[in-house]
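The shown structure was predicted, so the numbers you read here are calculated from the model rather than taken from an experiment. Letters A, B, ... are given to chains in the order of the sequence lines, protein chains preceding strands, and every chain is numbered from 1.
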Number of protein chains: 2
Amino acid sequence: MMIPSPDAHASVNGSLPRQRRTYSIGELARMFEVTPRTIRFYEQEGLLAPERRGQTRIYHEKDRVRLKLTLRGKRLGFSLAEIREVIEMYDAMPDGNARQLKRLLEILADKRANMERQLEDIRLMQRELDDVESRAREVLDRLARQDA
Amino acid sequence: MMIPSPDAHASVNGSLPRQRRTYSIGELARMFEVTPRTIRFYEQEGLLAPERRGQTRIYHEKDRVRLKLTLRGKRLGFSLAEIREVIEMYDAMPDGNARQLKRLLEILADKRANMERQLEDIRLMQRELDDVESRAREVLDRLARQDA
DNA sequence: GACGACGTTGACGTTAACGTAAAGTGGTTG
DNA sequence: CAACCACTTTACGTTAACGTCAACGTCGTC
């Protein structure tokens with residue numbers, strides 16, 4: 001029998017359990033509850049660019065953060081293409097020309113507007129849920145009293 | 001020439017412009033900026049069930065509200081199947097049995113949790129946007145001063 | 001009575017975001 | 001060394017949510 005150990009391919013720095021620097025694809029997949037396939041797909045789509053040690057991919061903090069942001073973006077309904085656009089512009093920022101930067105600001109304003117609408121949608125949806133729930137509880141109460 | 005008038009198939013109750021009761025598919029489509037195809041698809045998926053006058057569909061307030069809720073749900077990342085599930089349960093509520101109602105409450109709690117996570121995601125995303133934006137503005141400023 | 005705008009069904013096409021299967025590599029473990 | 005993972009690439013399959021096109025009916029209008 002074996003003590004459940006980290007992946008064979010994971011960085012092995014047993015003396016420094018905090019401050020881990022690298023991750024295997026499987027580790028990352030479990031951390032974010034996605035499949036390795038998904039992570040490779042994101043790379044193929046230009047959202048990640050992990051280091052390579054031979055054949056295998058090595059993910060650093062930067063990659064982990066990117067994946068986190070990507071998944072957050074997805075939960076908010078952004079397409080991978082949109083997310084990539086922002087990432088690319090962000091990376092190109094230091095030496096970006098004015099036109100590129102202004103375009104980036106435009107995109108950001110757009111996303112921001114999207115966020116605002118989503119906030120409103122959520123508020124409205126929460127009211128709907130409240131409403132439906134209270135009605136459901138009413139009916140349940142009636143049923144309970146009928147039984148009694 | 002013609003004064004832009006409502007659809008030929010729209011309900012014609014010229015003397016009561018407020019309190020309109022019915023809509024054509026085209027009207028609804030324009031109101032919500034979707035195509036008629038989309039609306040027919042939603043019907044096919046069990047999200048709408050408009051009245052029929054002969055061949056053509058007649059939409060009432062109830063249908064309009066459903067469409068509105070459906071689109072809102074979509075913006076929040078729900079699948080049409082999920083939305084339909086809630087709608088069906090809601091319709092079946094008055095004479096629903098206890099098991100069904102409890103299931104409905106479960107689903108609602110689930111949606112609620114989803115909303116909460118989305119709220120958090122939005123907050124985080126907004127901070128990211130703030131961050132990226134301020135960096136972009138910095139770079140732009142530097143460029144401007146260089147030119148001067 | 002032809003025309004154009006709007007409506008209908010039916011069928012096939014498309015895109016995004018992965019899933020899945022096959023076939024191979026490389027390290028460790030009993 | 002054989003078995004067993006975890007990882008790799010390649011390629012084809014799948015699902016949701018419509019788009020698109022054809023072929024047709026039905027108004028109101030010129």
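- A:Arg84 contributes a side-chain N or O that, together with a main-chain N or O of A:Glu45, makes up a donor-acceptor pair within less than 3.5 Å.
- Considering only residues two or more places apart in sequence or on other chains, A:Glu128 meets the side chain to side chain donor-acceptor pair (under 3.5 Å) condition with none of them.
- Contact annotation for B:Arg53: no contact, since no heavy-atom pair falls under 4.0 Å across all strands.
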All N/O contacts under 3.5 Å from nucleotides 14-17 of chain C to the protein, with atom names and distances to one decimal?
residue: C:dA17; atom: OP1; partner: A:Leu80; partner atom: N; Å: 3.1

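- A donor-acceptor contact shorter than 3.5 Å is absent between the side chain of B:Glu120 and the backbone of B:Arg117.
- In this structure, B:Gln44 atom CD and C:dC12 atom P are separated by 14 Å, rounded to whole Å.
- In this entry the distance linking CD of B:Glu27 with C1' of C:dA5 reads 14 Å, nearest Å.
- The backbone N or O of B:Gln55 lies less than 3.5 Å from a partner atom in the side chain of B:Arg52, making a donor-acceptor pair.
- If you measure from atom CD of A:Gln55 to atom P of C:dG27, you get 12 Å, rounded to the nearest angstrom.
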Contacts table for residues 101-110 of chain A: side-chain donor-acceptor under 3.5 angstrom, sequence neighbours left out:
residue: A:Arg103; atom: NH2; partner: A:Glu85; partner atom: OE2; Å: 3.2

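- For B:Ile25 and D:dG25, the CD1 to C1' distance is 16 Å, given to the nearest whole Å.
- We find that CG of B:Leu28 is positioned 17 Å from C1' of C:dT8, with the value rounded to whole Å.
- Take B:Arg66 and apply the side chain to side chain donor-acceptor pair (under 3.5 Å) test, not counting sequence neighbours, and it matches B:Asp91.
- When atom types are taken as modelled, the side chain of B:Glu27 and the backbone of B:Ser24 share a donor-acceptor pair closer than 3.5 angstrom.
- Legend: residues meeting side chain to side chain donor-acceptor pair (under 3.5 Å) with B:Glu116, ordered by chain and number and at least two apart, are A:Gln126.
- Among the protein residues, A:Arg40 comes within range of the nucleic acid bases, having at least one heavy atom under 4.0 Å from a base atom.
- Protein atom CZ of A:Arg57 is 15 Å distant from nucleotide atom P of C:dG26, rounded to whole Å.
- For the pair A:Lys68 and A:Phe32, the cation-pi criterion (under 6.0 Å, within 45° of the ring axis) is not fulfilled.
- Taking atom CD1 on A:Ile58 and atom P on C:dG26, their separation rounds to 15 Å, with Å as the unit.
- Residues from residues 32-39 of chain A lying near DNA chain C, meaning a heavy-atom separation below 4.0 Å, are A:Thr35, A:Arg37, A:Thr38 in numerical order.
- Contact check, B:Ser24 against C:dG7: a side-chain N or O comes under 4.0 Å of OP1 or OP2.
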